[in-house]
Amino acid sequence: MTEFRSDFLQTMSQRGYLHQCTDGEALDALATQPGGITCYVGYDCTGPSLHVGHLLSIMMLRRLQQAGHKPIVLMGGGTTKVGDPSGKDEARKLLTTDDIAANMASIKTAFGNFVRFGDGPSDAIMANNAEWLDRLQYIDFLRDYGRHFSVNRMLSFESVKIRLEREQPLSFLEFNYMILQAYDFVELARRYKCNLQMGGSDQWGNIVNGVELGRRVHDLSLYGLTCPLLTTAAGHKMGKTASGAVWLNEDMLPSYDYWQYWRNCEDADVGRFLRLFTDLPLDEITRLERLQGAELNEAKKVLATEATALCRGRAAAEHAAETARKAFEEGSFGGDLPVVKVERARLEAGIEAFALVLEAGLAKSGGEARRHIRGNAIKLNDQPVKEETQRISATDLGADGRLRLSFGKKQHVLIEAA
């Protein structure tokens with residue numbers, strides 16, 4: 001592990017954020033100066049909320065600010081109109097200007113929980129690249145900036161090669177994305193003295209383009225830093241579950257479900273996730289990840305509560321933890337458990353157990369749902385489900401119009417007749 005002098009890069013290295021850096025020694029020297037770094041991460045507005053897959057880069061901005069430097073959250077009001085081909089097999093659906101504006105307004109709400117905004121030297125600012133991209137004069141832009149990009153090199157980028165190898169069309173519109181992202185870096189350097197861009201490792205080529213464009217056009221000293229693309233110990237992509245994406249916004253995913261996502265992580269991920277997604281001291285994390293067997297579940301609860309506190313606030317995290325404690329330890333199921341609504345007519349007719357387990361998000365496929373039942377892992381109202389095709393019907397509903405499905409001791413869902 002490289003030895004760094006600055007608090008910022010020491011933290012990035014020790015906690016596992018650091019994957020690649022364009023000039024680590026020079027950036028380290030800059031980071032030793034108070035307020036020496038102004039850094040941005042860009043987020044396109046393709047949906048109404050970011051999800052856990054975006055959380056690593058948000059935490060990187062948090063670490064930057066904690067070390068006394070200035071974060072910029074760049075909203076892609078302009079680039080969302082183009083679509084980033086990185087990591088995509090096919091083109092994204094083009095959104096209207098109104099769709100993008102609505103998504104941006106919704107996304108913004110999550111950031112205030114992770115970074116501090118204001119007018120101080122290390123306070124975060126939020127920018128929108130539509131401010132400059134919407135005003136570009138295309139011919140002038142191509143003459144001034146397009147000539148600095150080699151098509152040969154652009155074709156060598158992984159995001160482009162994947163599309164071509166799979167014979168998936170890559171539009172000329174998308175092909176322009178990397179030029180626009182590089183230009184964003186130069187524009188932010190002009191406006192805010194931004195000198196660092198961070199992102200996932202799939203953005204490395206785009207980030208290097210911006211570093212080089214700044215040097216060629218304005219003789220700027222810019223830097224790039226990426227984090228590893230994060231997967232679980234089992235190789236699954238972060239932020240996805242059987243029931244869908246793990247959204248950061250409360251209106252997209254209840255805090256209890258968010259808490260449960262972290263509580264249900266694999267044993268091998270506990271220490272790594274505590275380093276990346278909580279503010280706990282490293283020595284405490286070392287103690288927690290050494291726990292074994294049933295004691296490791298306590299570390300998972302700490303992870304869930306601390307990660308939820310950052311995203312949703314301490315009160316919401318403690319409430320989710322208490323709801324879980326009552327459900328798992330006392331057998332008391334409150335209204336804060338996740339609720340899946342099912343048409344009453346369907347329940348009147350009866351639904352096969354494996355199908356309802358799948359619909360409730362307790363399995364990723366019908367086959368997995370059947371295996372859960374055969375393994376006696378599924379309970380209906382605290383009683384084991386014996387048969388995969390057992391009919392679950394309105395007669396199983398309680399007085400409150402709900403029934404409970406459970407997978408093991410960890411996951412519980414309320415089914416409500418709608």
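Put simply, the side chain of D7 never gets that close to the backbone of A67: no donor and acceptor are under 3.5 Å apart. At distances below 3.5 Å, at least one donor-acceptor pair connects side-chain atoms of S57 with backbone N or O atoms of H54. A donor-acceptor distance shorter than 3.5 angstrom exists from the side chain of N381 to the backbone of R404, with no hydrogens or angles considered. In this structure, the side chain of D123 engages the main chain of G120 through a donor-acceptor pair within 3.5 Å. At distances below 3.5 Å, at least one donor-acceptor pair connects side-chain atoms of T308 with backbone N or O atoms of A304. Distance alone, capped at 3.5 Å, is enough to place a donor-acceptor pair between the N195 side chain and the T38 backbone. A distance-only check finds a donor-acceptor pair linking the side chain of R15 to the backbone of R275 [under 3.5 Å]. The backbone N or O of C45 lies less than 3.5 Å from a partner atom in the side chain of T80, making a donor-acceptor pair. A donor-acceptor pair is defined here as one N or O able to donate and one able to accept, closer than 3.5 Å; such a pair exists between the side chain of Q10 and the backbone of F4. At least one donor-acceptor pair closer than 3.5 Å links the side chain of S106 to the backbone N or O of P48.
With no hydrogens or angles considered, a side-chain donor-acceptor pair links D28 and S6 at under 3.5 Å.
Side-chain atoms of V340 and L414, non-hydrogen and from C-beta on, never get closer than 4.5 Å to each other. Between L405 and K379, every side-chain heavy-atom pair lies at or beyond the 4.5 Å cut-off. Residues I351 and V342 meet the side-chain proximity criterion, which asks for heavy atoms closer than 4.5 Å. Residues M104 and N128 have side chains in contact (heavy-atom distance under 4.5 Å, counting atoms from C-beta outward). A 4.5 Å side-chain heavy-atom check between F273 and E306 finds every atom pair outside the cut-off. The side-chain heavy atoms of I58 and F111, taken from C-beta on, include a pair separated by under 4.5 Å. Looking at Q181 and Q203, their side chains come closer than 4.5 Å, going by heavy atoms from C-beta outward. A heavy-atom distance below 4.5 Å is found between the side chains of W132 and L188.
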Run S122 and R116 through side-chain hydrogen bond (donor to acceptor under 3.5 Å, both in side chains) and show every step you take.
CA-CA 9 Å; S122 63; R116 182 187 67 255; 3.0 Å; yes
side-chain hydrogen bond (donor to acceptor under 3.5 Å, both in side chains) evaluation trace for Q411 with S406
CA-CA 6 Å; Q411 293 179 264; S406 305; over 6 Å; no
M59 vs L310, test: side-chain contact (heavy atoms from CB on, under 4.5 Å). Steps then yes/no.
CA-CA 10 Å; M59 290 299 297; L310 282 181; 3.9 Å; yes
When you look at R215 and E212, which way does the salt bridge (Lys or Arg N to Asp or Glu O under 4.0 Å) test go after all the steps?
CA-CA 5 Å; R215 177 180 55 79; E212 294 182 351; 5.0 Å; no
Would Q197 and N206 satisfy side-chain contact (heavy atoms from CB on, under 4.5 Å), going step by step from the backbone distance to the final call?
CA-CA 10 Å; Q197 181 184 173; N206 290 343; 5.7 Å; no
Let's go through F354 and I373 carefully: what are the C-alpha distance in whole Å and the side-chain angles of both, what is the deciding distance for side-chain contact (heavy atoms from CB on, under 4.5 Å) to 0.1 Å, and is it a yes or a no?
CA-CA 7 Å; F354 81 91; I373 294 170; 4.0 Å; yes
Would you sort out whether I107 and M75 count as a side-chain contact (heavy atoms from CB on, under 4.5 Å), showing the intermediate values?
CA-CA 9 Å; I107 287 170; M75 305 303 293; 3.5 Å; yes
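Less than 6.0 angstrom separates the ring centroid of F277 from the ring centroid of W262. For Y40 and F185, the gap between ring centers is short of 6.0 Å.
Among all heavy-atom pairs drawn from S49 and M252, the shortest one is CB-CG, 3.8 Å. Summarising the geometry of T305 relative to A321, their closest heavy-atom pair is OG1-CB, 3.7 Å, with the distance given to 0.1 Å. L229 and S201 get closest at one heavy-atom pair: CG-OG, 3.2 Å. Residues H19 and P228 share a closest heavy-atom pair of CB-N, 3.5 Å. The two residues E187 and R190 have their closest heavy-atom pair at OE1-NH1, 2.9 Å. Counting all heavy atoms, side chain and backbone alike, V413 lies closest to A360 at CG2-O, 3.7 Å.
One distance of note links NZ of K364 with NE2 of H372; it measures 9.0 Å at 0.5 Å rounding. Interatomic distance, CE of M198 versus SG of C21, reported as 10.5 Å (0.5 Å rounding). Rounding to the nearest 0.5 Å gives a distance of 12.5 Å between CG of L253 and NE2 of H51. Put simply, CD1 on I392 and CG on L356 are 5.0 Å apart, with the number rounded to the nearest 0.5 Å. Taken to the nearest 0.5 Å, the OG1 atom of T46 stands 9.5 Å off from the CD1 atom of I100. Taken from CZ in R191 to CD1 in I72, the straight-line distance is 10.5 Å, to the nearest 0.5 Å.
Salt-bridge formation is detected for the pair E359/R346: a Lys NZ or Arg NE/NH1/NH2 atom is positioned less than 4.0 Å from an Asp or Glu carboxylate oxygen. With respect to the salt-bridge test (charged N to carboxylate O, under 4.0 angstrom), the residues R325 and E322 qualify. A salt bridge is defined here as a Lys NZ or Arg NE, NH1 or NH2 lying under 4.0 Å from an Asp or Glu carboxylate O, and R272 with E289 fails to meet this definition.
Ring geometry, Y256 versus W259: the interplanar angle falls under 30°, so the pair is classed parallel (tilted spans 30 to 60°).
Partners of D23 under the side chain to side chain donor-acceptor pair (under 3.5 Å) rule, at least two apart in sequence or in another chain, do not exist in this structure. Not counting sequence neighbours, E318 has no partner by the side chain to side chain donor-acceptor pair (under 3.5 Å) test. The side chain to side chain donor-acceptor pair (under 3.5 Å) search around Q20 returns T226, not counting sequence neighbours.
Residue L196 forms a side chain to side chain contact (heavy atoms under 4.5 Å, CB included) with just one option from L30, V211, I37, and that option is I37.
In this structure, R63 is not positioned above the aromatic face of Y17 in the sense of NZ or CZ being under 6.0 Å from the six-membered ring centre and within 45° of the axis. F114 does not carry R62 over the face of its six-membered ring by the limits of under 6.0 Å from the centre and within 45° of the normal.
The number of heavy atoms from other shown groups lying within 6.0 Å of CD (E284) is above 12. No more than 12 heavy atoms of other residues, nucleotides or ligands lie within 6.0 Å of CD in E25, so this atom counts as exposed by the packing criterion.
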